[in-house]
Amino acid sequence: MSRYSPAEIEANWRKAWDEAGIFRAGNDPAKPKYYVLEMFPYPSGRIHMGHVRNYTMGDVIARHKLATGHNVLHPMGWDAFGMPAENAAMASGGHPKDWTYQNIADMRAQMKPLGLSIDWSREFATCDPEYYGQQQALFLDMLEAGLVYRKNAVVNWDPVDMTVLANEQVENGRGWRSGAEVERRELTQWFFAISDMAEELLEALDTLDDWPAKVRLMQENWIGKSRGLQFAFGLNEGPDGFDRIEVYTTRPDTLMGASFVGISPDHPLAKQLEKDDAELAAFNAECRKGGTTEEALEKAEKRGYNTGLTVRHPFDTAWELPVYVANFILMDYGTGAIFGVPAHDQRDFDFATKYALPIIPAFLPSEDADPQLNAPYVPPKTEPVHYVSTIAGDTWQTGAEAIEATIAFCEQNGVGQGVTKYRLRDWGLSRQRYWGCPIPVVHCDACGVVPEKKENLPIRLPDDVTFDVPGNPLDRHPTWRNAPCPKCGADARRETDTMDTFVDSSWYFIRFTAPHADTPTDIAAAEYWMNVDQYIGGVEHAILHLLYSRFFARAIHITGHLPKSASEPFNALFTQGMVTHEIYQTRDENGRPVYHLPEDVQDGKLADGTPVQIVPSAKMSKSKKNVVDPIGIIDAYGADTARWFVLSDSPPERDVEWTAAGAEAAFKHLSRVWRIASEIAASDAPGTSEADEALLREMHKAIHDVTGGVESFGFNAAIARLYAFTGVLAKSEAGAQAKRAAARTLAQLMAPMTPHLAEEMWQMLGGEGLVAVAPWPVADPAMMQDDTITLPVQINGKRRTEIQVPQEMAKDEVEKIALATDAVQRALEGAQPKKVIVVPGRIVNVVI
RNA sequence: GCCCAAGUGGCGGAAUGGUAGACGCAGGGGAUUCAAAAUCCCCCGCCGCAAGGCGUGCCGGUUCGAGUCCGGCCUUGGGUACCA
């Protein structure tokens, strides 16, 4: 072989690794264990560049840990339940199960050529009955432990298709298929009691030192701990059973600025009033239109309905405030009722202006400010605030102090209590869909909701279902619903809701430690392998998936399936950026966007010449069709080129926009490395000891820098360093023996990124065994020292010249040399410098 | 709307508060070749003949020194609880 041909070498080395079994993870107590995991993929059918990037990063870590003597667990599986399989079934008439398993087979076949160091013996899919049956067992244990319960919650309801829609299926408030205006409808659903753990989930964030600070911050804000006052306004002449309106506020210090009380359209009082008030009923119905997302609710136009009722201010019972029903108040937050303070809140100000309500300042920025303030006033963070109508004393206080003082004052006067609340809501897991894990309960007329018996698990999905009409096929199935009550044996009905797919992905990382156990976990295996030492995935999962997984690890501990030590499941987290791509769209006759694959677009036009609109780069997603297929790259250049390219072009935590241009360059570089290695292997040229030493010095520097890069997710910097070292090696005048040693080291350093090429080089250069398991090279600091260094010399912080000095030269010697330079002498004009700063090994700054 | 990030040459990007632009791509010039491919060498932020000046989204601040730290904006991206 006379040139680099990955097609020939890559398959051979994958076979060699396979036969040596080096990626099989056994429980070897002699070695430190290391569990590296990338977020498992959804089996869409094709791997894309995001997968290649994600799994290559994890593979670099896994291979590096293997070479540093760790017992490595690096598994792979499939997050296989979810809507796309049902959508495919609806679109083309197949079955979600066939579609999913075919996609898994396809993707596995596309993934294997990447040469990932995965222990494939642990592979599973979440739609395997062996997996979801254990998930059902976990659910039953959680039910028994009081971690699951039922309550009403709203869903997006499509009134034409008569079906529940996911948020993604709601476009501008309308159903994506029917185009009908979506309504919010209440259903009884299952919930995980995650909010009971809010405080613990919040506090434990502080222990996650190796998580990105931004993820911890996002989770902290999501949990949203707040301190406030809960109290009631007395209601004048309310309907029977309603004599007060309970409110929660984080700004009790603004209580004297209240000008109205608002309640949610779903508040019990609103629901009572609408029975006798057709206009209110119409208003409430209007409010219930549109999707359920927080974004939609927050951005909707703020509207209110005056109920005509009034409440009494708790500190002045003669002071009456009107009661409005308002569309921006959510029943899920606090008590579903608020008081509005237009003087100190933009939203309340807008509302008060619209409905001509009074604007009453509760405090002023200073004593001489205009008391007839009619614009929202937000107090500065640092200046004290003066109460106009003080209730806690006529004192100057800052915001947080004012709030605490007001709470204390209110408690002393019998107006409510100080309360800690969390924004975090319980996790609704019920889905009115087929392709998910069935919720293992039975509804019995006599016994109510009854958990299935564990010996009846798994409750399997029926195969004979159709998707020709909208709605959940489990509901329509002729017999599947029929089941005996596990308690009394009478004829009863199975629950037809399935679980949110986030449940599937909240414990798969534990299942990998014993994927074939006949209980949810194997305690010994979990104890050995957990926690995940390094978890890697997209930042889009920063909140939901990661928070749910943290909750589940605790729940699994509580139900006895996991040691306490593993209740924070991911020791270290790395959130990689996404692979983005431009979006190409045209419009259909109704003006709706139609998306096109990059491979179908040439020079901004479709094959038939229709120009496409180019939407700026965004996250690759199937729905937007801005997806690039990496298989073409692998076929043309080999897996090592694809791996090298996705690592080299962008810092791992940042988004990378896919471009085809770099792949060719990566291939050229790997070809060059191969050529250099084969030339060195064939050479027996002598060299000078000076050149040998210089090469050795560069080698140790490269070991140091590349190792540091690999260990700190600086893959792009590590690769830049490898480019530089390759250049040094190519130009070196060192002897063949020294060059062979340097080239073997190069192979080792490249092995995590380009494992096939590295094995080939290692073999050519006389390395022993597989480079994948050869001990990782160690940099010797003594071998990295240069004799002299270059120091920049600044004048007043601007670089003017540089000096060459010995590495260890004393500060005052360096100062003398710097001051003697022409540039400094010219600038000084005979005067003395005000100050000279010498940072050893770094810089000299002369201040004039 | 709210929460969290990011912004540096033509492009991807580098830089423990210490020489801004490493490394790579694209581009320009040269060597080799009958010619090409491949390969190798050199140049390459902007303005300027030069001396020099200006430069890390914008405005201000801290510092001997700021891409980096602080305050305020702008733009783009992610999340927003039923996309995964």
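Below, read A as the first sequence line, B as the second, and so on, with proteins coming before strands; counting in each chain starts at 1. A quick note: this is a predicted structure, and the numbers were derived from the prediction, not measured.
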Under a 4.0 Å heavy-atom criterion, the protein footprint on nucleotides 12-19 of chain B, written with B, S and -, is SSS-B-BB
Assign [X] to base, sugar-phosphate, or nothing according to its heavy-atom contacts below 4.0 angstrom with the strands shown.
X	result
A:Lys299	base
A:Gly224	nothing
A:Arg672	sugar-phosphate
A:Ser430	base
A:Gln432	base
A:Lys302	nothing
A:Gly82	sugar-phosphate
A:Arg216	nothing
A:Ala724	nothing
A:Val215	nothing

With ring centroids as reference points, do A:Tyr548 and A:Phe192 lie under 6.0 angstrom apart?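 No, they do not, as the ring centres are separated by 6.0 Å or more.
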Would you please indicate if the ring centroids of A:Tyr131 and A:Tyr508 are separated by under 6.0 Å?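 Aromatic pair excluded; centres sit 6.0 Å or further apart.
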Hey, does the side chain of A:Asn167 come within less than 4.0 Å of B:A81's phosphate (OP1/OP2), counting only N and O?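 Result: yes.
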A:Thr293 side chain N/O closer than 4.0 Å to the phosphate oxygens (OP1, OP2) of B:U80?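 It does not, given that no N or O in the side chain of A:Thr293 lies less than 4.0 Å from OP1 or OP2 of B:U80.
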Helical stems, RNA chain B - three or more consecutive Watson-Crick or G-U wobble pairs below 3.5 Å: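 RNA chain B stems, ordered by first number: B:1-7 with B:74-80, B:10-12 with B:23-25, B:27-31 with B:39-43, B:45-47 with B:52-54, B:57-61 with B:69-73.
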The criterion is side chain to side chain donor-acceptor pair (under 3.5 Å); which residues satisfy it with [X], sequence neighbours excluded?
X	result
A:Glu711	none
A:Thr496	A:Asp475
A:Glu664	A:Tyr637

Once side chain to side chain contact (heavy atoms under 4.5 Å, CB included) is applied, do any residues pair with A:Leu208, and if so which ones, sequence neighbours excluded?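 Counting only residues at least two positions away or on another chain, A:Leu208 forms a side chain to side chain contact (heavy atoms under 4.5 Å, CB included) with A:Leu205, A:Trp211, A:Arg216, A:Arg550, A:Glu568.
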Using only modelled atom types and a 3.5 angstrom limit, is any donor from either the side chain of A:Glu294 or the base of B:C2 paired with an acceptor on the other?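 Counting by modelled atom types and ignoring angles, no donor-acceptor contact under 3.5 Å is found here.
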Tell me if the side-chain of A:Glu295 makes a donor-acceptor pair with the base of B:G79, cut-off 3.5 Å, by modelled atom types.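 No.
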Whole Å only: how far is the NE2 atom of A:His669 from the C1' atom of B:C40?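 Whole-Å distance recorded here is 16 Å.
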How many whole angstroms separate atom CD of A:Gln189 from atom C1' of B:C82?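 From A:Gln189 CD to B:C82 C1': 9 Å.
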Write down the distance separating the P atoms in B:G67 and B:G18, rounded off to the nearest Å.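 Taking atom P in both B:G67 and B:G18, they lie 10 Å apart.
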Please walk me through it: do A:Asn156 and A:Thr292 pass side chain to side chain donor-acceptor pair (under 3.5 Å)? CA-CA 6 Å; A:Asn156 302 305; A:Thr292 58; 3.3 Å; yes
Would you mind calling B:G7 syn or anti? Take O4'-C1'-N9-C4 for purines or O4'-C1'-N1-C2 for pyrimidines, and syn is within 90° of 0.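 Chi for B:G7 falls in the anti range.
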Can A:Tyr723 and A:Phe725 be said to form a ring-ring contact (aromatic ring centres under 6.0 Å, His included), step by step? CA-CA 6 Å; A:Tyr723 268 105; A:Phe725 181 50; over 10 Å; no
